[in-house]
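Report on the structure given below.
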Amino acid sequence: MKLIKHISLLIILLATSILSAQVKFEAKVSKNRLGVNERLRIDFEMNQDGDNFNPPTFSDFTVIGGPNQSVSNSWINGVRSYHKTYSYFLAPKKQGNFTISQATININGETYKTTPIKVEVTSAVEIPKDPNDPEYVANETIHLVAEVSKTNPYLNEAITVVYKLYVSPTTGVTNWNEIDSPRFNDFWSQNIDTQGLKVQMGTYNGEEYRYLVLRKTVLYPQKTGKLDIEPLTLDIAVQVPTNRRNIFGGQMMANVNKTVSAGKKTINVRPLPENGKPIDFTGAVGNFNFKVSTTKTQLDASESLQATVEVTGNGNLKLFNLPKLTLPSSLEVYEPEHNESVRTDLAGMQGRIADTYTIVPQFKGKYPIPSISFSYFDPKTETYKTLNSSEIVIDVLEGPASGSVANSNSGTSKQQVVLNKDQFAFIKTKTNFSSTTSSYFLKTPLFWSTLLLPFLAIPLAIVIRRKKADRDADVYGNRIRMADRLAKKYLSHAKKALGKKEEFYIAMEKALHNYLKAKLHIETSELSKDRINELLLERGVEVETMTDFNNIMLNCDLARYTPITAVTMQEDYEKAAKTISLIDKQA
């Protein structure tokens with residue numbers, strides 16, 4: 001009987017050890033059915049550490065948070081328990097039945113995959129009105145608003161859209177990022193710089209709020225009819241008050257994430273009236289001035305002058321064509337040079353546009369530049385206006401006459417020929433001469449150089465060989481160079497990802513792990529802070545270097561979830577390369 005008990009106990013222990021040694025990698029969701037206005041949390045859990053984790057594409061969802069990583073590692077009665085989780089927060093893009101595809105990871109050289117998960121997204125659900133629920137409090141105290149200056153403009157009339165984030169005085173915002181940026185289809189758009197704007201006080205629905213202007217955009221509609229402005233959507237990290245108090249009596253705050261949208265706006269664009277539209281109208285809308293000017297009115301033939309057709313004012317300056325100059329055929333005219341000096345603010349485009357023509361008269365005489373007209377539509381008075389330039393006369397004082405010259409022999413008249421610098425262009429003025437005597441390679445400078453070069457290269461080869469021997473004998477120098485090469489090798493992927501925060505820090509963390517595994521000859525499961533410090537101390541690595549390495553590993557964990565600039569990423573990369581090099585020199 002005792003023997004049977006011992007055998008049973010042994011079988012149970014063996015089964016337990018086998019089950020504990022099995023690799024588990026699975027995906028879990030917070031709910032399988034949710035409303036389109038709710039969020040979904042998905043966790044990818046594993047009981048052994050691995051490399052090259054690849055999440056699903058989440059094509060039917062918007063990732064509004066994550067990946068967040070958590071690790072627990074404990075020893076109980078000599079048995080190790082390890083648990084690692086990657087978490088994502090998702091917002092559904094539309095209603096329907098969707099499948100979250102497989103995630104993959106490499107553990108001990110094997111690739112493991114999760115099981116696909118089906119999720120049903122229904123229509124929007126009502127959020128319970130619970131004043132103690134942080135989600136409800138955030139929903140009531142954070143508002144994103146799009147303010148449109150005019151909803152029924154004329155075609156090519158300027159309107160502005162200002163996006164404001166309203167926050168209740170009792171609520172805090174720690175960070176935000178754009179999920180969807182507004183698209184201005186069928187509009188000419190220009191964003192106005194909002195850098196340096198400060199938080200202001202205002203009212204929203206009759207209550208006091210703080211607000212910040214996030215974006216200002218000037219729009220010029222390019223089509224008539226109803227045009228949609230797609231919404232701006234933000235994911236915001238919010239701190240909301242709770243009914244709990246800390247030990248000092250202060251109110252405790254709860255951290256929640258909230259998705260806010262400014263909503264879609266519809267603009268009804270009116271066509272420009274056909275009644276009274278001038279024949280020369282080219283689409284100018286606004287309030288303008290018009291003039292034609294020249295740099296000189298008196299000159300000699302073959303000299304040049306510039307004539308400028310200029311429009312100044314406020315309106316769609318970049319969206320219409322200037323009228324063309326009409327000049328006598330005796331004036332040689334070059335294609336105009338277009339110049340713009342336009343600034344854009346909330347009042348629309350303001351400034352100057354001009355076409356500058358270069359004119360060269362060929363003959364003596366007086367040449368008029370006739371008056372031309374420019375028409376525009378004024379949306380304030382809702383009428384067309386036409387401006388006319390003054391006539392300008394160009395007086396060519398010196399030069400050949402443009403009349404006819406009689407031919408006494410034939411009795412016919414011929415047009416006078418005007419000579420220019422290219423009149424003899426058909427005559428060839430350059431040639432290439434070749435020698436009439438034959439040349440031979442033998443005894444030429446090139447012949448002697450080719451013959452003596454191998455003998456001259458022998459001393460150079462001896463010097464290079466000695467330098468190489470000296471370099472190979474320099475053990476310490478070779479060790480330093482090898483350390484630098486190792487640092488560059490392991491951090492090459494991280495360097496390519498500079499500027500992309502999440503990708504950069506994931507690549508740098510993998511590089512540091514792979515370096516330690518290769519340097520210390522340990523497995524992934526042994527990559528704990530205490531074990532790494534113990535092995536580095538045994539190899540003679542200085543404490544300061546170990547501290548720098550631990551700080552870099554900590555930065556890799558924290559930096560992915562906090563705002564980081566490109567300068568900070570460059571500093572972390574350089575610090576990692578330096579630390580790897582130091583470890584390789586000291587160990």
Side-chain angles (χ1 to χ4, degrees), residues 37-41 61-68 87-92 124 127-148 161-182 191-217 229-246 248 250-265 501-502 505 557-566 568:
N37 60 332
E38 292 185 293
R39 297 177 180 213
L40 178 70
R41 172 174 175 158
F61 298 84
T62 300
V63 179
I64 57 176
N68 299 332
S87 300
Y88 290 83
F89 295 89
L90 311 176
I127 300 176
K129 297 183 179 181
D130 182 3
N132 296 320
D133 181 10
E135 293 280 351
Y136 172 74
V137 175
N139 190 64
E140 293 296 311
T141 56
I142 302 288
H143 308 280
L144 182 61
V145 178
E147 297 179 354
V148 181
V161 182
V162 180
Y163 294 92
K164 295 180 180 179
L165 180 64
Y166 286 90
V167 182
S168 170
T170 60
T171 305
V173 172
T174 58
N175 195 12
W176 71 80
N177 59 69
E178 287 191 11
I179 298 176
D180 287 321
S181 298
N191 289 327
I192 307 300
D193 184 21
T194 57
Q195 295 293 330
L197 293 181
K198 298 181 180 179
V199 176
Q200 304 177 56
M201 297 301 297
T203 58
Y204 179 79
N205 288 339
E207 297 182 10
E208 289 289 330
Y209 272 82
R210 296 168 297 163
Y211 73 89
L212 179 67
V213 177
L214 300 180
R215 186 191 291 254
K216 298 178 182 179
T217 306
I229 299 175
E230 297 298 325
L232 171 66
T233 305
L234 304 177
D235 176 57
I236 305 178
V238 186
Q239 289 184 329
V240 297
T242 65
N243 55 4
R244 294 180 296 164
R245 301 280 176 175
N246 57 27
F248 302 104
Q251 192 173 35
M252 297 182 68
M253 307 291 283
N255 296 319
V256 296
N257 281 345
K258 175 176 172 54
T259 301
V260 293
S261 176
K264 182 173 69 173
K265 298 293 182 180
K501 183 183 73 173
E502 184 176 332
Y505 282 103
D557 284 334
L558 297 179
R560 283 180 282 176
Y561 317 117
T562 56
I564 294 293
T565 64
T568 305

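These values consider heavy atoms only, across backbone and side chains, with no hydrogens, waters or symmetry-generated copies. As the structure is a prediction and not an experimental result, all values here were calculated from the model.
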What residue among Val240, Thr141, Ile142 forms side-chain contact (heavy atoms from CB on, under 4.5 Å) with Ser168? Thr141

Measure the spacing between OG1 of Thr233 and CG of Asn177 and express it to the nearest 0.5 Å. 11.5 Å

Only counting residues at least two apart or in another chain, list the ones meeting side chain to side chain donor-acceptor pair (under 3.5 Å) with Lys164. Glu147

Atom CG in Leu234, atom CD in Glu178: separation rounded to 0.5 Å? 6.0 Å

Apply side chain to side chain contact (heavy atoms under 4.5 Å, CB included) to the pair Ile236 and Asn257, showing each step before the final yes or no. CA-CA 6 Å; Ile236 305 178; Asn257 281 345; over 6 Å; no

All heavy atoms of Pro169 vs all of Glu208, minimum pair found to be CD-O, 3.5 Å

Please round to the nearest 0.5 Å and tell me the distance separating atom CG of Asp235 and atom CH2 of Trp176. 12.5 Å

Assess the residue pair Tyr209 and His143 against the criterion (side chain to side chain contact (heavy atoms under 4.5 Å, CB included)); give the C-alpha distance rounded to whole Å, side-chain angles, the decisive distance to 0.1 Å, and a yes or no. CA-CA 10 Å; Tyr209 272 82; His143 308 280; 3.3 Å; yes

Hey, what do you get for CG (Asn191) to OG1 (Thr217), rounding to the nearest 0.5 Å? 4.0 Å

Who are the ring pair (Phe, Tyr, Trp, His ring centres under 6.0 Å) partners of Tyr211, not counting sequence neighbours? Tyr166

Taking Asp193's backbone N and O only, do any of them form a donor-acceptor pair with Arg215's side chain (distance below 3.5 Å, no angle check)? no

When rounded to the nearest 0.5 angstrom, what distance separates CZ in Arg210 from OG1 in Thr170? 8.0 Å

Distance in Å, Tyr163 OH paired with Leu232 CG, rounded so as to fall on 0.5 Å steps: 6.0 Å

Taking every non-hydrogen atom, the tightest pair across Val238 and Lys258: CG2-CB, 4.2 Å

Is there a side-chain contact between Leu212 and Gln200, using heavy atoms and a 4.5 Å cut-off? no

Val162 side chain near Val213 side chain, heavy-atom distance below 4.5 Å: yes

